[in-house]
Amino acid sequence: MIPAEFDYVAPESLDDALAALRDGGEDAKLLAGGHSLVPLMKLRLAAPTLLVDLRRVPGLTGIRRNGAVRVGAMTPHHDVVTGDLGLASMAAATIADQQVRNRGTIGGSLAHGDPASDMPAVLLALEGSVIARGPNGEREIAAADLFLDYLTTSIGEDEIVTEVRLPAPEGWGAGYAKFNRRVEDWAMVAVCAAVKKAPDGSCEDVRVGLTNMGSVPLRAGAVESALRGGALDAGAIASAAEQAAEGTDPPEDLNASSDYKRHLARVLCRRALEEAAAAA
Ligand SMILES: Cc1cc2nc3c(=O)[nH]c(=O)nc-3n(C[C@H](O)[C@H](O)[C@H](O)COP(=O)(O)OP(=O)(O)OC[C@H]3O[C@@H](n4cnc5c(N)ncnc54)[C@H](O)[C@@H]3O)c2cc1C
């Protein structure tokens with residue numbers, strides 16, 4: 001439980017943080033809330049030689065609204081919970097306990113790329129993006145291009161995520177259903193849903209994201225296709241939710257077999273869609 005020896009810096013500007021990351025080479029790591037990285041270091045599953053702490057870099061926290069919602073990468077989960085961000089707030093409220101939500105950050109969670117974490121599937125379902133600053137400037141990475149494999153994202157080793165962009169949730173209803181054994185555990189499976197109703201009450205548009213149903217967060221495309229443009233009543237939702245596990249290959253783990261996860265996906269999908277439809 002004692003990490004390997006490492007150096008530590010806490011730069012006071014983004015440019016200094018980028019320089020420290022570059023100078024530290026491939027064994028340098030950014031430190032945000034530390035709630036994923038430090039446990040890995042204690043277990044010696046990660047052994048960075050340099051930690052570049054982002055907490056003194058100005059401008060990386062807070063929520064701004066102009067068109068899209070812009071959330072600073074170092075914004076703690078707690079601020080996302082209280083920030084009135086629809087689906088993102090609902091999902092963040094289920095992350096672990098208050099202590100973790102006070103320290104863990106939205107940028108750290110997305111950069112970590114754990115398919116069992118709550119925010120990756122939410123970003124994917126909302127078709128959001130992250131802004132990454134690197135030595136060659138800034139780029140926007142769409143959620144669909146962000147998550148490559150288990151704990152692997154397309155964020156470069158020399159890049160820092162500065163901002164998370166979420167399309168404005170106005171006019172959409174949201175639902176979040178998560179199944180875990182203890183309230184502070186990661187999801188065995190979770191499903192997030194966003195629904196937009198047409199004036200006649202039918203489904204104008206719908207997005208469904210799946211957590212822990214594969215090595216990356218997933219969209220439940222078959223469910224979305226079944227509902228989009230059609231009825232949004234209990235029967236239509238139940239029938240569409242039966243397709244929630246289509247095309248997924250969830251790995252078995254200590255908590256659940258693959259078949260049980262598929263069952264959970266179907267049940268949770270129905271619940272999340274019912275909640276979203278009622279709120280739309
Ligand atoms: C007991 C416990 C229970 C938890 N339960 C849940 C849960 O139910 N659901 C859930 O979603 N999460 C859960 N978490 C994880 C928590 O949400 C973490 O806060 C989150 O996964 C990582 O955020 P962090 O800010 O702590 O990142 P860190 O641990 O500091 O960093 C994680 C990784 O991201 C990189 N990184 C961090 N910031 C940036 C950046 N700005 N740009 C580029 N790379 C960056 C780091 O280098 C590191 O590789 C739990 C954690 C604990 C300790």
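Each residue takes its place number in the sequence, starting with 1. Remember, predicted model here, so these are calculated numbers, not experimental data. Both ligands and their constituent atoms are indexed starting at 1 by order of listing.
When heavy-atom distances to ligand 1 are checked against a 4.0 Å cut-off, E163 has no atom that comes that close, whether in backbone or side chain. Of the heavy atoms in E184, only backbone atoms (N, CA, C, O) come closer than 4.0 Å to ligand 1.
The local environment of CZ in R103 is sparse, with at most 12 non-hydrogen atoms from other residues, nucleotides or ligands closer than 6.0 Å. Residue D84 qualifies as open at atom CG: its count of foreign heavy atoms under 6.0 Å is 12 or below. The environment of CG in L43 is crowded: more than 12 heavy-atom neighbours from other residues, nucleotides or ligands sit within 6.0 Å.
Salt bridge absent: D185 and K178 never bring a charged side-chain N and a carboxylate O closer than 4.0 Å.
Of all atoms in ligand 1, numbered sequentially from 1 with element shown, those under 4.0 Å from a heavy atom of G33 are 24 (P), 25 (O), 26 (O), 27 (O), 30 (O). Close contacts between ligand 1 and S36 involve ligand atoms 15 (C), 18 (C), 20 (C), 21 (O), 22 (C), 26 (O), 29 (O) [criterion: under 4.0 Å to a heavy atom]. Counting the atoms of ligand 1 from 1 in the order shown, those under 4.0 Å from a heavy atom of A32 are 25 (O), 27 (O), 30 (O), 37 (C), 38 (N). Short contacts between ligand 1 and H77, defined as distances under 4.0 Å to a heavy atom of the residue, involve ligand atoms 16 (C), 17 (O), 19 (O). Of all atoms in ligand 1, numbered sequentially from 1 with element shown, those under 4.0 Å from a heavy atom of V100 are 2 (C), 16 (C), 50 (C), 51 (C), 52 (C).
If you check which protein heavy atom lies closest to atom 47 (O) of ligand 1, you get L30 O, 2.6 Å. Given atom 44 (N) of ligand 1, the protein heavy atom at minimum distance is A111 CB, 3.3 Å. In this structure, atom 51 (C) of ligand 1 lies nearest to the protein heavy atom W186 CH2, 3.5 Å.
Residue A187 places no N or O, backbone or side chain, under 3.5 Å from any N or O of ligand 1.
Residues passing the salt bridge (charged side-chain N to carboxylate O under 4.0 Å, His left out) test with R65, sequence neighbours excluded: none. Partners of E140 under the salt bridge (charged side-chain N to carboxylate O under 4.0 Å, His left out) rule, at least two apart in sequence or in another chain, are R165.
Between M74 and ligand 1 there is no heavy-atom distance shorter than 4.0 Å.
Nearest-residue assignment for atom 19 (O) of ligand 1 (options A116, S117, G104; heavy-atom criterion): G104.
Checking T248, D249, D253 one by one against K261, the side-chain hydrogen bond (donor to acceptor under 3.5 Å, both in side chains) holds for a single residue, D253.
Contact of the V164 side chain with the T75 side chain is not registered, since no non-hydrogen atoms from C-beta on lie closer than 4.5 Å.
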